[in-house]
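We use all heavy atoms of the structure for the numbers below, so side chains are in, but hydrogens, waters and symmetry mates are not. Predicted model only: the values in this text are computed from it and were never measured.
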Amino acid sequence: MATIRASFLLLLLTILFLSSSVLSWKKDEFRNCNQTPFCKRARSRKPGSTSLIATDVSINDGDLTAKLVPKKINNDQEQEQEQEQDKEEVIQKPLIIRLSVYQDGILRLKIDEDPSLDPPKNRFEVPDVIVPEFESSKLWLQRVSTEEGEFGVSSIVFLNDDNEAVLKHDPFEVYVRKKSGERVLSLNSHGLFDFEQLRVKKEGDDWSESFRSHTDSRPYGPQSISFDVSFYGADFVYGIPERATSLALKPTRGPDVEHSEPYRLFNLDVFEYLAESPFGLYGSIPFMISHGKAQGTSGFFWLNAAEMQIDVLKSGWDAESGISLPTSQGRIDTFWMSEAGIVDLFFFVGPGPKDVVRQYTGVTGKPSMPQHFATAYHQCRWNYRDEEDVANVDSKFDEFDIPYDVLWLDIEHTDGKRYFTWDRNLFPHPEEMQNKLAAKGRHMVTIVDPHIKRDESYFLHKEASEKGHYVKDASGRDYDGWCWPGSSSYLDMLNPEIRSWWTDKFSLQNYVGSTPSLYIWNDMNEPSVFNGPEVTMPRDAIHYGAAEHREVHNAYGYYFHMATADGLLKRGDGKDRPFVLSRAIFPGSQRYGAIWTGDNSAEWDHLRVSVPMVLTLGLTGITFSGADVGGFFGNPETELLVRWYQLGAYYPFFRAHAHHDTKRREPYLFGGRNTEMMRDAIHTRYMLLPYFYTLFREANTNGVPVMRPLWMEFPSDEATFNNDEAFMVGNSLLVQGIYTEGLKHVSVYLPRGQSWYDLKTGVAYKGGVTHKLGVSEDSIPAFQKAGTIIPRKDRYRRSSTQMVNDPYTLVIALNNSLVAEGELYIDDGKSFEFEKGAYIHRRFVFSDGKLVSSNIAPPALGSKFSTDCVIERIILLGLPQGSKSALIEPENRKVDVELGPIRLQGGQSFTAFTIRKPNIRVTDDWTIKIL
């Protein structure tokens, strides 16, 4: 017994030591570029150093194919190259290049080693990211035209009516240009392309790399890839999350650049991350968007799951290169570096911001349609202690008239960090607990992380071990790392059979204590390994198909997220939309659930940086995202917490969360006025749920994010290009956060083209002007764009589920021409019947003094969806004086037009002309004429 106690104490101390090492940012625990050999090598290369040319150009299987071979060089160059080759004994074999064209003007470029030359193994290609619909949209090339000019021979292929792709032969270069000749995007225009080929280890070779106490064996030698990409006509570039920095990416190299580190894409568990840092966080999406007034928007995506480093190069970085590029077009140059993988690139030609996002999500998949409850407010903490604590929190929300939809349980609800279990001392009746919440229309979420406790008495570990389902270490044994349970192993989710096995664990029979109202949270899925290099898995660990972890790393959490969502889908017999929150992200994550920005801090800077973080995620497909309201670490001062609720109410994913060392901070704990302001913020979200849900359907249909940068809606307004303090929710609402303690005034830029109505007061403000506004404590500035119509629900219930039959309000914000339009989307909020056409989609148009409701949904393929909901109020902002009544057709019924409150609840009420109780069915066609 003494031995057992000693072992347990040692285990406990070890866990505490290991976990404390990641509880705050420690810069020396993570590699910088100079400590990352592939990054250091790539950055040392000079423009023009590529010696590859394209030969044997032809059409094969509908693609343009060629070989990339070293160019024949003069004697001096040959001697210099031989000296370099003697150092490394590297022979450059021909590479295979393949250019493919797809619908919507998308160009795909793949470059890999020639399989006929017997490489040591196949380089890793990321599976299950590109959606089948995209693959089937390939345009089979029939011919290639040749162009000869002063810069040599090029092969030209058709992209669409406005653009064509060019493969320049010598030196090798690929670019997209408009038919008029202006370039859009280009690769290797500065001659920085480099492709390190796999090698067979010989006696005496030592390719290992060390960082701190960890050694990476690198059994196939250096295998990195790097190249330059240029965006023409660009004023700014955006994207490549995840990091806590500005929306517009700042230069990382060039004259007078402050930061010398590139933007890093390597999924890491970083506690209390720093704001304004290029350092990578929990997810990696190698997709960059450029935007400029002169030439619109374009995008570039590299499908690769290995670590990446990306430089944004400041103008003048190449001043001494001697390379001549078109001078009539401005451009932004970038430099992309990856440790492994292949070249698998996608060029998106836009021309508008929404076009580029549509094209990108056409490749990686549109965001899934969430259940309606998931778009409402979530209450989370590490941890709600027991069933009594859960019941108390639930009842207090009701007592203080604060709605919420989901209560979350973190790792402490389990039996010793064994997932799919319950601590039966603390949670003896989990089904009853969930059912009590469900009776109020509420749901519960529990956490399931990827580390599996190595305990022979734990059913999950025993089965996974016996079936060989774990990732292996470099020696072929089950990889053993440390995380919350102590000694842990990690499921090899790259293997589709293991993902299939995992899905069965979520059945109500296997997940004992679960109910249909329980959903899942995937944390720590970067994967986080407390005693691993940089708090993650070693790069030479082995996955399915002999893939090294270095090749798979950034996609590991994506496959875990995928398998978990598929598990909930299977639990509901394919009828219930899953809800799964993930911390790690990769292209395609938008198909499987929601994302949050990780372990932020209760600081004003973290409130501020949450906006560009969520905006960037939305630009790269991840529309269902948000930051922990209040900050995960630390104790927010009350003003900060109130401001965070006021801003967070507009995040697509709205959840409060806190570390177990923080003071309790549920919104009902802060006294009369402060609780009232937080309640009003949450009420604002519930009021706008019909609008948010309509926007989620728009994202599900065409990929356009719910929360958008201003320039996405105003692409020609240069004042919006670098503005990430304000944002749009859909095309109708503009929100400006308050990011400074005690602020009395705030400057708000309202884009030009229309006027804007204050959401609270209804007062109109001119567009194209920066307004200095007084700051009130009870709300943050929010405006409705003139010319839009927003649907609302104004009755507050305990949860969104209880609002389903409540009537609607329409807020019509008239422009100078007294015109406005908007949409409303409704379905059952939970099933997949909407995919068969079982939904309502209405368009509202106000013009010529008439409001017209019309159907824009196609005929249903199966059962139809219907509702008895009516519209009980119509608010008319900007309606001229004198209107007294309105006529409803086809009923031929008159109703009054009179002054009424803009908001029925929530403090001081401002008024606007209102049609009260028209009581017209939301499903019907009708017209209301103002008399």
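Put simply, the side chain of L688 reaches to within 4.5 Å of the side chain of L733, judged on heavy atoms.
For the residue pair Q379/D394, the side-chain donor-acceptor check at 3.5 Å is not satisfied. If you check the side chains of Y645 and N674, you find no donor sitting under 3.5 Å from an acceptor. Between S246 and D724, the side chains place no donor N or O within less than 3.5 Å of an acceptor N or O (distance only, hydrogens not considered).
The residues D628 and R655 are annotated as salt-bridged, a charged nitrogen and a carboxylate oxygen being separated by less than 4.0 angstrom. Salt-bridge formation is detected for the pair R795/E872: a Lys NZ or Arg NE/NH1/NH2 atom is positioned less than 4.0 Å from an Asp or Glu carboxylate oxygen. Salt bridge K760/D680: absent, no basic N to carboxylate O contact under 4.0 Å.
Two rings, from F373 and Y519, have their centers less than 6.0 Å apart. Taking the centre of each ring, W484 and W382 come in below the 6.0 Å mark. Here the two rings, on Y796 and Y686, have centers that are 6.0 Å apart or farther.
A search for ring pair (Phe, Tyr, Trp, His ring centres under 6.0 Å) contacts involving F420 returns W502, F506, Y511, not counting sequence neighbours. P705 meets the side-chain contact (heavy atoms from CB on, under 4.5 Å) test with V357, T623, R708, M712; sequence neighbours excluded. For Y282, there are no ring pair (Phe, Tyr, Trp, His ring centres under 6.0 Å) partners, not counting sequence neighbours.
Heavy-atom contacts from other residues, nucleotides or ligands closer than 6.0 Å to CZ of R916 number 12 or fewer.
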